[in-house]
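In what follows, a single structure is set out as structure tokens and then discussed.
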Number of protein chains: 2
Amino acid sequence: MKPPPDDPRPATARRPRRHDPGRRDRLIDAALTVIAERGVAGTTHREIARVADVPLGSMTYHFASLEEVLAEAFTRHAESAARVFDECLGSARDRTEAVEAVITLVSGYLLGSQYDLVLSVELYVAAARNPALRAVTQAWMARSRRALERHFDATTARELDALIEGLVLHSALSTDPMTPEQIRHAVERFLR
Amino acid sequence: MKPPPDDPRPATARRPRRHDPGRRDRLIDAALTVIAERGVAGTTHREIARVADVPLGSMTYHFASLEEVLAEAFTRHAESAARVFDECLGSARDRTEAVEAVITLVSGYLLGSQYDLVLSVELYVAAARNPALRAVTQAWMARSRRALERHFDATTARELDALIEGLVLHSALSTDPMTPEQIRHAVERFLR
DNA sequence: ATATGATGCGTACATCTGTACATAGCGCGA
DNA sequence: TCGCGCTATGTACAGATGTACGCATCATAT
């Protein structure tokens, strides 16, 4: 781990940039990348630093602990996902368009990279044990439910929310994921 | 970590039992306990050994690697859960009883200890990264779907399976879990 | 230009991890 | 009863991890 002593360059020459506002943000993004790729279990200070191309010491400088990094990362992920949810449903003008928006959202989840899906599941399991992360999850769920309540009554919104959750999760782990048509069938059947 | 050198008892006196058939089984059970309590991330050889009250060396003797322990543990969990599913649905004589069985299963999941639920989510996230565990998950899902297909057509079974998944997961992470009545409402609405 | 205080970083360290392996001890056949 | 061989265990070890901290370095004011 020790640098080769024959390296002629002084330490600072190798890493020129010092003043780097927004580095904290990049670190959080890097953390999300690492979580998606290696899981929470494989997320370490060193790995995040490597991905973000910053020195290890920068981690402890910007975050009090690894747990803080995880909490910030998951908060960002949840907020970003909720925003997509909000916007997609907010643009719907009637119930039919809302159904269409839901189908689009679910299909997008499944067809897109596994990135967001994996992050969500990782967040779930982390939330099961960490109260701070549980609050993040609950805020996220409350927000998506509220978005649905713009077009459906409270009970329907809650049940539909759960159905979406199940369709996405179940389908993602299956050998043959559901097609958008199958998603549409399930959602419309439920809302009929 | 080293034992106090002034312990007068020889090593063998402290741990009398040597011949212990079925120890492997107990270790797998202990592993499930540890996974449920500390998560896969907190599951180590030493922790399992501590819970099962066996020496560390016993772990590497009975299992080639930690991954093997996890695989066996999750396999056992999935099989046990699937058996419950099978039995509960198998005893139903008509579709109405099958619906009742489903509601009972879901409610049981929510009202019982978090034990099984946490294990399931841990299995999901582990399966996302480990091919061997993914096979376990898929076998489990296939089996529960087949049980549903005894009473519903294939499409309905698949969608219902996903709905159940969503209801359980969503509800478990929520601040106010759904009541059995709410579960019944959602399931019957879907099957109407 | 230069002193100076805040900012950022390299490195060390104690701890914990999975795993290997030399033996110790017991069951079992003679 | 007595050995022998397989089962089981204590221990060692290399590697990785989170975190602390002293010091280098830069922005800024003079």
Side-chain angles (χ1 to χ4, degrees), chain A residues 1-28 30-31 34-35 38-73 126 130, chain B residues 1-28 30-31 34-35 38-73 126 130:
Chain A
M1 194 53 76
K2 200 170 287 187
D6 50 20
D7 189 339
R9 296 170 302 178
T12 53
R14 263 173 290 166
R15 222 178 265 288
R17 70 195 114 95
R18 289 290 297 252
H19 188 59
D20 180 11
R23 166 173 293 194
R24 202 184 136 94
D25 270 358
R26 285 197 305 113
L27 287 179
I28 295 175
V34 173
I35 293 170
R38 322 249 174 175
V40 170
T43 301
T44 66
H45 277 140
R46 287 169 175 79
E47 184 66 15
I48 297 171
R50 203 184 57 75
V51 168
D53 191 34
V54 301
L56 171 62
S58 196
M59 292 301 299
T60 54
Y61 177 73
H62 286 286
F63 304 94
S65 70
L66 188 60
E67 192 172 316
E68 183 180 318
V69 185
L70 292 178
E72 299 250 11
N130 187 327
Chain B
M1 193 54 76
K2 201 171 286 187
D6 51 19
D7 188 338
R9 296 170 301 176
T12 54
R14 263 174 291 165
R15 221 179 267 287
R17 68 194 115 94
R18 289 289 297 252
H19 187 59
D20 180 10
R23 167 174 292 193
R24 201 185 137 94
D25 270 359
R26 284 198 306 113
L27 287 179
I28 294 175
V34 173
I35 293 170
R38 320 250 174 176
V40 169
T43 301
T44 67
H45 277 139
R46 286 169 175 79
E47 185 65 15
I48 298 172
R50 203 184 57 75
V51 168
D53 191 33
V54 300
L56 171 62
S58 197
M59 292 301 299
T60 53
Y61 176 75
H62 285 286
F63 304 94
S65 70
L66 188 61
E67 193 172 315
E68 184 180 319
V69 185
L70 292 177
E72 299 250 10
N130 186 327

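Quick note on labels: first sequence line is chain A, next is B, and so on, each numbered from 1.
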If you assign A:Ala64 and B:Tyr61 each to the DNA chain D nucleotide with the nearest heavy atom, which residue ends up on the more 5' nucleotide?
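In this pair, the answer is B:Tyr61.
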Can you work out whether A:Gly57 or A:Gly42 has the more 5'-proximal nearest nucleotide on DNA chain D?
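The residue whose closest nucleotide sits nearer the 5' end is A:Gly42.
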Please give, in whole Å, the distance from [N] [atom2] to [X] [atom1]?
X: A:Leu56; N: D:dA20; atom1: CG; atom2: C1'; result: 11 Å
X: A:Glu67; N: D:dT17; atom1: CD; atom2: P; result: 18 Å
X: B:Asp53; N: D:dT9; atom1: CG; atom2: P; result: 11 Å
X: A:Arg38; N: D:dA16; atom1: CZ; atom2: P; result: 13 Å
X: B:Phe63; N: C:dT19; atom1: CZ; atom2: C1'; result: 15 Å
X: A:His62; N: D:dA20; atom1: NE2; atom2: C1'; result: 17 Å
X: B:Met59; N: D:dT7; atom1: CE; atom2: P; result: 19 Å
X: B:Arg50; N: C:dC16; atom1: CZ; atom2: C1'; result: 15 Å

Ignoring hydrogens and angles, tell me if any N or O in the side chain of B:Thr43 forms a donor-acceptor pair with the backbone of B:Gly39 under 3.5 Å.
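Yes: the side chain of B:Thr43 pairs with the backbone of B:Gly39.
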If you check the [X] side chain, which of [options] turns out closest?
X: B:His45; options: C:dG10, D:dT9, C:dG18; answer: C:dG18
X: B:Thr44; options: D:dT9, C:dC9, C:dG18; answer: C:dG18
X: A:Thr60; options: D:dT9, C:dT19, D:dC21; answer: D:dC21
X: A:Arg23; options: C:dG10, C:dG8, D:dG18; answer: C:dG8

Polar side-chain contact B:Arg46-C:dG18 base: donor and acceptor under 3.5 Å
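Answer yes: a donor N or O sits under 3.5 Å from an acceptor.
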Could you pull out the closest heavy-atom pair between B:Arg38 and B:Arg50, with the gap in Å?
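It is NH2-NH2, 3.9 Å.
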Distance-minimising heavy-atom pair for A:Arg23 and A:Pro55
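So the two residues come closest at NH1-CD, 4.1 Å.
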Could you check B:Ile28, B:Ile35, B:Asn130 and say which one makes a side-chain contact (heavy atoms from CB on, under 4.5 Å) with B:Leu70?
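The option that passes is B:Ile35.
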For A:Glu68, does the CD atom sit with more than 12 other heavy atoms under 6.0 Å from it, leaving out its own atoms?
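Result for CD/A:Glu68: enclosed.
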So does A:Ser58 get a side-chain nitrogen or oxygen closer than 4.0 Å to the phosphate oxygens (OP1/OP2) of C:dG8?
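Looking at the OP1 and OP2 atoms of C:dG8, neither is under 4.0 Å from any side-chain N or O of A:Ser58.
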